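So the structure is just underneath, and the comments pick up after that.
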Amino acid sequence: MEDTIIAQRRAKAEAMREKGLHPYANDFRVTHMAGALHAEHDGATEADFEERRIDVAIAGRVMAVRSFGRVVFLAVDDRSGRIQVTLFKKQVPAEVWELLKLLDVGDLIGAEGPLMVTRKGELSVKAEQLRIITKSLRPLPEKWAGLTDVSTRYRQRYVDLIVNADVRETFRKRAEIVRYIRRFLDDRDYLEVETPMLQPIYGGASARPFKTHHNALDMQLYLRIAPELNLKRLVVGGLHRVYEINRCFRNEGVSTRHNPEFTMLEFYEAFATYEDLMRLTEELLSGLCEHLHGTAEIEVEGHQISFAAPFRRLSIYDGIVEYAGVPREQVTDRAALLEAAERLGVKKADTLPLGYLQMEVFEAAAEEALIQPTFVTDFPLEVSPLSRKKDGDPTLVDRFELYIAGRELANAFSELNDPDDQRRRFEAQVAQRAAGNEEAHPMDEDYVRALEYGMPPAAGQGIGIDRLTMLMTDSASIRDVIFFPLMRPEA
RNA sequence: GGGCCAUUAGCUCAAUUGGCAGAGCAACGGACUCUUAAUCCGCAGGUUGAAGGUUCGAUUCCUUCAUGGCCCA
């Protein structure tokens, strides 16, 4: 029973105290990391170390104990990897040998001694001193099957990380992705900024917000659904290349690709168009994939995905023709679209304005089929209240979304910088809202005022960092790339 | 929101038609001087997710609830 095991281990901690040993000491100094020792000395022979003694002090968590009477092997994990510690009864002080009786798998230990190579050729630390630095009271999951229960893995991520090396690797890759993006944008003279997450008016995306309240000012605030409008205020202010990587919040359902809080990269560049951003995105993603995997082609959900530029371009209308089977001359025909929507199982289609209807049909028919990286372009005006109208067709905007492996990864457009047009777009959104669309934008007077000062022509893009990490680590659920995904309370 | 599935020892999983709730690992006791999931001997560990119902008898059948997964909307 678990309580029995915990009680036994507590008793061992108590036994340590009786010997004058602190079961939660913090005075051990590490000189070497497991990963570096392997990198430097794997392949060495015992004769090499007899010739040249190399003393090390390592510390980490005991993941396995293999005892042979007068020889004991410990598998010890530190942050860089695993190293074996070997103890010979004859060669350690008696009190160290006694201490092994109090040692459990899961304890954090410190070991000091020279490097050695076992008869089987494994690099080891031949311990001359061993300390239990932190006594672990709870048993780790079984060593071979490990921890697989997904609920426990997410709720007790610390255990998941201790026992599942691939989980540690996924999160290491996530950090590497963010680092790569920062370097990529910094190198192009972008400025990293931070803008408020608490906002009196939310905007920049179509979503329902979380509401909260500021006591001292007695005001309603929203957690941002996107940083977009503040970043463009900075572009107005002369920060012509800016980016932010941080959390956004959307009060929506939870699924394998949605978590209520998620991390988004948004970047804005003045004097650029959405077409420039397509090229930038191709460069960013192919470079990132090469950096992580050494190749621009990886497997995701069983598909070979190639990040080699150029990515496919597909307009919304072409997509509706190709995937929804609507004849080219009928892509703006309400009746034809409604027929397709019916066939594709879109609900409440008859209540939707034309642009929204086109998007529903496109998404229902095409989204899952877009496996290779595809820039979906030429969005309807109504669904794009912040995008610049297309020169030559004012019913469309200069916008794209990037789809990879059937998932939406990025959204970008040339920015609308005509303040009067922006005001009309907001007014149309407010009307949509009055008609029952809870995701429509509220009016933002200050944003219009900012545009009235003059925002340079610009283009901007948002990329979901969680989804990008899913893609680059072939993770099926967003919960596998977020340390602590939202869960209901334990029963 | 709807449908299906799962929940049994610390972990990973069994349990025949409704008939004494089991194994491996971990733990505990012991053997063992080179292991890599060490091996061997011994021993112990259970409110079968919760509540209720049917039954002589429920892990098993029924109802409700909780948590999670998959699919659909």
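It should be emphasised that the depicted structure is a prediction, and the values quoted were computed from it without experimental measurement. Chain A is the first sequence line, chain B the second, and so forth, proteins listed ahead of strands; every chain is numbered from 1.
Here, B:A27 and B:C72 have their C1' atoms 45 Å apart, quoted to the whole Å. Taking the C1' atoms as reference points, B:C43 lies 7 Å from B:G29, given to the whole Å. Atom name P, nucleotides B:A15 and B:U8: the rounded distance is 14 Å, in whole Å. With both ends at atom P, the span from B:A21 to B:U59 equals 8 Å, rounded to whole Å. With P as the reference atom, B:C11 and B:G49 are 13 Å apart, rounded to whole Å. Between B:U47 and B:G3, the distance separating the two C1' atoms is 32 Å to the nearest Å. Nucleotides B:A38 and B:A9 are separated by 24 Å at their C1' atoms, to the nearest Å. B:C13 and B:U55 have their P atoms separated by 36 Å, given to the nearest Å.
Both distances falling under 3.5 Å, in either a Watson-Crick or a G-U wobble arrangement, place B:G1 opposite B:C72. B:A37: no Watson-Crick or G-U partner with both key distances under 3.5 Å is found in any strand. Base pairing of B:A15: no nucleotide in any strand meets the Watson-Crick or G-U wobble criterion (both distances under 3.5 Å). With a 3.5 Å ceiling on both atom-pair distances, the Watson-Crick or G-U wobble partner of B:C28 is B:G42. The pairing partner recorded for B:C65 is B:G49, the criterion being a Watson-Crick or G-U wobble arrangement whose two distances lie under 3.5 angstrom. When both pairing distances are held under 3.5 Å, B:A21 makes no Watson-Crick or G-U pair with any nucleotide shown.
Nearest nucleotide to the side chain of A:Gln8, out of B:C28, B:G68, B:A73: B:C28. In the set B:C34, B:U36, B:G10, B:U36 carries the atom at the smallest distance from any side-chain atom of A:Gln84. For A:Arg479, the side-chain atoms get nearest to B:G68 when compared with the rest of B:C11, B:C32, B:G68. Side-chain proximity of A:Asp104 to the nucleotides B:U12, B:C28, B:U33 is greatest for B:C28. Out of B:U36, B:C70, B:A38, the shortest distance to the side chain of A:Ala64 is found at B:A38. Candidate nucleotides B:C70, B:A26, B:G68 were compared by shortest atom distance to the side chain of A:Ser151, and B:G68 ranks first. Listed nucleotides: B:C28, B:U36, B:U67. Nearest to the side chain of A:Arg66: B:U36. When each of B:A27, B:C32, B:G68 is scored by its nearest atom to the side-chain atoms of A:Arg70, the top-ranked nucleotide is B:C32. Distances from the side chain of A:Phe73 to the nucleotides B:G24, B:G68, B:C34 place B:C34 closest.
If you take CG of A:Asp149 and C1' of B:G69, they are 10 Å apart, rounded to a whole angstrom. Straight-line distance from the CG atom of A:Asp3 to the P atom of B:C11: 12 Å, rounded to whole Å. Between A:Ile5 atom CD1 and B:C43 atom P there is a gap of 19 Å when expressed in whole angstrom units. For A:Arg9 and B:G10, the CZ to P distance is 14 Å, given to the nearest whole Å. In this entry the distance linking CZ of A:Arg10 with P of B:A27 reads 18 Å, nearest Å. Residue A:Asp107 contributes atom CG, which lies 13 Å from atom C1' of B:A27 at whole-angstrom precision. Nucleotide B:A23 holds its P atom 16 Å from the CD atom of A:Glu142, rounded to whole Å. In this structure, A:Asp77 places its CG atom 18 Å from P of B:U36, rounding to the nearest Å.
In this structure, A:Leu103 and A:Pro141 both approach RNA chain B, and ranking their closest nucleotides by distance from the 5' end singles out A:Pro141. Comparing A:Leu147 and A:Gly69 by the nucleotide of RNA chain B that holds the closest heavy atom to each, the one mapping nearer the 5' end is A:Leu147.
Nucleic acid contact for A:Ser67: base, since at least one base atom lies under 4.0 Å from a heavy atom of the residue. Within 4.0 Å of A:Thr148, counting heavy atoms only, lie sugar-phosphate atoms of the nucleic acid but no base atom. Contact annotation for A:Lys126: no contact, since no heavy-atom pair falls under 4.0 Å across all strands. If you check every strand for non-hydrogen atoms under 4.0 Å, A:Lys89 touches nothing.
For B:G30, the OP1/OP2 oxygens have no side-chain nitrogen or oxygen of A:Lys101 closer than 4.0 Å. Applying the 4.0 Å criterion to OP1 and OP2 of B:A26, one finds that A:Lys143 has a side-chain N or O inside that range. Between A:Arg488 and B:U67 there is a side-chain N or O to OP1 or OP2 distance below 4.0 Å.
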Subject >> Working for side chain to side chain contact (heavy atoms under 4.5 Å, CB included), residues A:Leu21 and A:Arg131 >> reply: CA-CA 9 Å; A:Leu21 303 172; A:Arg131 292 177 59 194; over 6 Å; no
**OP:** Let me see the working for A:Arg399 and A:Ser387 under side-chain hydrogen bond (donor to acceptor under 3.5 Å, both in side chains), right down to the final yes or no.
**Re:** CA-CA 7 Å; A:Arg399 173 180 173 188; A:Ser387 308; 4.9 Å; no
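Between A:Asp466 atom CG and A:Asp480 atom CG the span is 11.5 Å, to the nearest 0.5 Å. Once rounded to the nearest 0.5 Å, the distance linking CG of A:Leu198 with CG of A:Leu221 reads 5.5 Å. For the atom pair A:Ile83 CD1 and A:Ser124 OG, the distance stands at 7.0 Å (nearest 0.5 Å).
Residues A:Pro209 and A:Tyr222 approach most closely at CG-CD2, 3.6 Å, considering heavy atoms.
Listed for the A:Asn437 side chain is a donor-acceptor partner under 3.5 Å among the backbone atoms of A:Glu439.
The residue from A:Val92, A:Leu74, A:Val125 that alone fulfils the side chain to side chain contact (heavy atoms under 4.5 Å, CB included) condition with A:Leu130 is A:Leu74.
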